[in-house]
Amino acid sequence: MESLHLPVSPPENEAQLLEQARLLAGCSLGELGAMAGLPVPKDLRRDKGWIGILLEMWLGASAGSKPEQDFAAIGVELKTIPIDRQGRPLETTFVCVAPLTGNSGVVWETCHVRHKLKRVLWVPVEGERTIPLAERRVGSPLLWSPSEEEEMQLRRDWEELMDMIVLGQVERITARHGEVLQLRPKAANGQALTDAIGANGETILTRPRGFYLKKPFTAALLARHFLL
DNA sequence: GGATGATCATCC
DNA sequence: GGATGATCATCC
């Protein structure tokens, strides 16, 4: 039985990654933060990515802001997901920024969403705001790939949303579009603007958007895991 | 601004 | 109460 200590080397295979993730299950964020020398913030309001960064350290992820998978060598992406006491997600899951221009000819097979979701290590973390951040516990990890049905759902939604973007309808897209995948703003604030295609094919400025997984989708894949 | 990490908080 | 639209920090 291995014990908990830092630094953690990048995992060489999935089994190693899962083993390390299982060691973290049951630990509190306070414990993991202290051992990592990371001060635990009072809450997440100004540190929304703190848990993600903490778990990256503890799992040996290629830290920080590289535009590739968290575990590039073994092709796995890490997602922490806040859950309630029933194990259901408290938030949608950000996947990636949505490209709003230069999309003619893009196809599902080679898109960023599919690549990001090809293989994901889900790490549930207690997320109820009534639980002090330091006391919240890490849950049992799940190494996941989309089933055929899940991939079809994702593909349908992605194609619908990308069609609207390409056809200059981005401003008409709301978070209600898509069955399992939605498009929502993803920016520092309301002042952030980026190029997109307008209704008449012209270039317009609009808020940057991101793809997010809706809660029922992640709830189902987590539930499947916990029932097995 | 856009990529990384996401959650907040208002409105319905 | 919960989802949608808004927002926070950091790096380059």
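In the text below, chain A, chain B and the rest are named by the order of the sequence lines, each starting its count at 1. These numbers come from the heavy atoms of this one structure, side chains and all, not from hydrogens, waters or symmetry mates.
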- Message: The test is salt bridge (Lys or Arg N to Asp or Glu O under 4.0 Å); show your working for A:Glu150 and A:Arg224 and say whether it passes.
- Response: CA-CA 13 Å; A:Glu150 287 168 332; A:Arg224 218 191 311 148; 2.3 Å; yes
Spacing between [X] atom [atom1] and [N] atom [atom2], to the nearest angstrom:
| X | N | atom1 | atom2 | value |
| --- | --- | --- | --- | --- |
| A:Arg129 | C:dG1 | CZ | P | 13 Å |
| A:Asn189 | C:dA9 | CG | P | 11 Å |
| A:Leu183 | C:dT4 | CG | P | 12 Å |
| A:Asp43 | C:dA9 | CG | C1' | 14 Å |
| A:Lys79 | B:dT4 | NZ | P | 8 Å |
| A:Met57 | B:dG5 | CE | C1' | 14 Å |
| A:Lys42 | C:dC8 | NZ | C1' | 14 Å |
| A:Leu90 | B:dA9 | CG | P | 15 Å |

- Query: Nearest to the side chain of A:Val97 - C:dA6, B:dG2, B:dA3?
  - Reply: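 Nucleotide nearest to A:Val97's side chain: B:dA3.
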- Query: Would you say the side chain of A:Tyr212 and the base of C:dA3 hold a donor-acceptor pair, judged only by whether the two atoms sit under 3.5 Å apart?
  - Reply: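 No such pair is found, so the answer is no.
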- Message: On the side chain of A:Lys186, is there an atom forming a donor-acceptor pair with the base of B:dG5 - under 3.5 Å, no angle test?
- Response: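 Pair found.
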Should [X] be listed as having a side-chain N or O under 4.0 Å from OP1 or OP2 of [N]?
| X | N | answer |
| --- | --- | --- |
| A:Arg45 | B:dC8 | no |
| A:Thr194 | B:dG2 | yes |
| A:Thr80 | B:dG5 | no |

- Any chance you could measure A:Arg184, atom CZ, to A:His177, atom NE2, to the nearest 0.5 Å?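 Answer rounded to 0.5 Å: 15.0 Å.
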- Item | Spatial distance of atom OG (A:Ser28) from atom CD1 (A:Ile131) [nearest 0.5 Å] |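 Answer for the OG-CD1 pair, A:Ser28 versus A:Ile131, is 11.5 Å.
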- Message: At 4.0 Å (heavy atoms only), tell me whether A:Arg46 reaches a base, stays on the sugar-phosphate, or touches nothing.
- Response: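 Result for A:Arg46 = sugar-phosphate.
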- Taking only heavy atoms on the protein side, list every residue of residues 196-208 of chain A lying under 4.0 Å from any atom of DNA chain B, sorted numerically.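 Contacts with DNA chain B under 4.0 Å: none.
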- Query: Of A:Gly49 and A:Glu91, whose nearest nucleotide on DNA chain C comes first from the 5' end?
  - Reply: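 So the residue in question is A:Glu91.
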- Task: By nearest nucleotide on DNA chain B, pick out whichever of A:Gly127 and A:His112 is the more 5' one.
- Result: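 The answer here is A:His112.
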